[in-house]
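Working notes for the structure below.
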Amino acid sequence: MQCYSNIFLYPQTHDRRTTHCLHPTKLSVTPQQQISHDDDVTNDAKSKLITSASNPFVKHCLKLRNNSSYRRSHASVLVVGSTPIREIYRFQESSQDKNITMDCLILPEKAEIPNGLDESTDSIVHVSSVVMRKLSGLESTDSIKAIALMKIPASFLNLDDNQKHCKKWFPSAHRILVLDGIQDPGNLGTLLRSAVAFKWDGVFLLPGCCDPFNEKALRASRGASFQLPVVTGSWNHLESLKEEFQMKMLAGHPEHEGLIKPTYSLAPNFCDSLSDTALCLVLGSEGSGISEKSLQACELVSIAMTGEYESLNVSVADKAARLLKLKHN
């Protein structure tokens with residue numbers, strides 16, 4: 001595989017509304033004169049080695065990992081670990097999705113390209129163990145074989161007040177998982193992974209949810225945020241989606257006295273009755289459950305569980321997904 005000599009990318013800000021992907025050959029780079037004078041950059045016949053965390057490229061990657069607004073403005077994200085990178089790459093190959101772009105593969109010093117990633121990108125850079133620890137955010141990088149600098153996929157949409165063309169948000173809208181105030185990135189990542197595994201058509205993030213490209217969310221999702229449409233928006237957007245596709249709105253909520261509306265049990269016969277119905281399933285936050293708006297707008301459903309669980313929230317999302325028959329019959 002060819003490794004570019006001017007690999008130290010310094011991406012510029014891109015407007016996500018007009019540009020979703022940018023191939024590595026079109027990225028701007030630091031001036032060659034600056035690279036040649038950097039003491040922290042070593043050249044060999046095949047690639048470059050970065051040894052200092054003060055390198056501009058390293059600083060850029062750290063901002064991508066730590067700052068959500070910086071990620072959005074550059075439409076880029078840092079994916080840590082060969083497993084999620086490999087899963088994203090396999091999805092890209094199997095689906096022939098041209099909207100997923102890997103700008104650069106970052107490897108430990110003297111490391112070979114991990115199996116399955118040989119053809120993932122032509123842009124390779126090696127880094128010292130100090131830089132690898134800095135980029136990964138982990139004390140030990142023994143298990144980290146690769147880090148990828150990737151474009152945020154075009155299937156991710158961050159809606160504003162003027163975006164009402166909901167037919168373009170999801171290729172299909174038969175089953176949409178709606179997350180209401182999920183702030184824990186590990187839980188959000190697990191839900192995204194579950195949505196992919198059970199073949200949901202997409203995920204809608206209401207206000208209060210964490211960034212799906214947060215480093216912990218990416219680690220928990222194992223690349224799932226690249227494999228299905230993820231849309232962030234308001235209840236007004238969600239209601240437009242509901243009206244356009246005539247969707248039933250369900251929300252997970254515990255069954256107890258004092259509710260102003262009935263709670264239906266997610267029994268098999270209830271799920272069978274919904275098999276041909278387009279629907280959204282709203283799951284609430286870990287602590288407070290669904291919001292007041294979700295409580296008012298949705299039919300409430302619960303799952304019979306052993307133990308003393310207080311709510312149908314993210315902790316039982318997998319079970320909810322199974323019971324709701326995620327695909328058409």
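- Using a 4.5 Å heavy-atom cutoff, the side chains of V131 and I106 are not in contact.
- Placement of V130 and L49 in two distinct hydrophobic clusters is found when ILVMFWY residues are connected by side-chain heavy-atom separations under 4.5 Å, directly or transitively.
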Determine, stepwise, if the pair K167 / E244 fulfils side chain to side chain contact (heavy atoms under 4.5 Å, CB included). CA-CA 8 Å; K167 286 185 177 180; E244 179 66 36; 2.5 Å; yes
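- Between E87 and R193 no salt bridge is recorded (no basic side-chain N to carboxylate O distance below 4.0 Å).
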Please lay out, stage by stage, how E112 and K145 fare under the test salt bridge (Lys or Arg N to Asp or Glu O under 4.0 Å). CA-CA 9 Å; E112 298 293 329; K145 306 302 181 184; over 6 Å; no
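- Counting heavy atoms from C-beta on, the side chains of M150 and I88 come closer than 4.5 Å.
- The closest side-chain heavy-atom distance from L157 to P229 is not below 4.5 Å.
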Could you walk me through whether S240 and H237 pass side-chain hydrogen bond (donor to acceptor under 3.5 Å, both in side chains), step by step? CA-CA 5 Å; S240 296; H237 294 119; over 6 Å; no
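- Within the 3.5 Å criterion, the main-chain N or O of A111 finds a donor-acceptor partner in the side chain of H126.
- Between L279 and R175, the closest side-chain pair of non-hydrogen atoms falls below 4.5 Å.
- The two atoms that bring C298 and V282 nearest to each other are SG-CG2, 3.9 Å, heavy atoms only.
- Shortest non-hydrogen contact noted between P207 and S234 is CD-CA, 4.2 Å.
- Counting heavy atoms from C-beta outward, K59 and S54 have side chains that approach closer than 4.5 Å.
- The shortest distance between side-chain heavy atoms of I113 and L105 falls below 4.5 Å.
- Note: F213 and F226 have perpendicular aromatic rings, judged against thresholds of 30 and 60 degrees for the angle between ring planes.
- Contact of the I144 side chain with the M132 side chain is registered, since non-hydrogen atoms from C-beta on lie closer than 4.5 Å.
- Within the 4.5 Å cutoff, side-chain heavy atoms of L192 are placed close to those of S225.
- Neither side chain, T277 nor K248, offers a donor N or O lying under 3.5 Å from an acceptor on the other.
- The residue from L177, L250, D180, V178 that alone fulfils the side chain to side chain contact (heavy atoms under 4.5 Å, CB included) condition with L283 is L177.
- For the ring pair (Phe, Tyr, Trp, His ring centres under 6.0 Å) test, no residue two or more places apart in sequence or in another chain qualifies with F170.
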ring-ring contact (aromatic ring centres under 6.0 Å, His included), that's the test. Do Y70 and H60 meet it? Break it down for me. CA-CA 9 Å; Y70 191 81; H60 168 68; 5.6 Å; yes
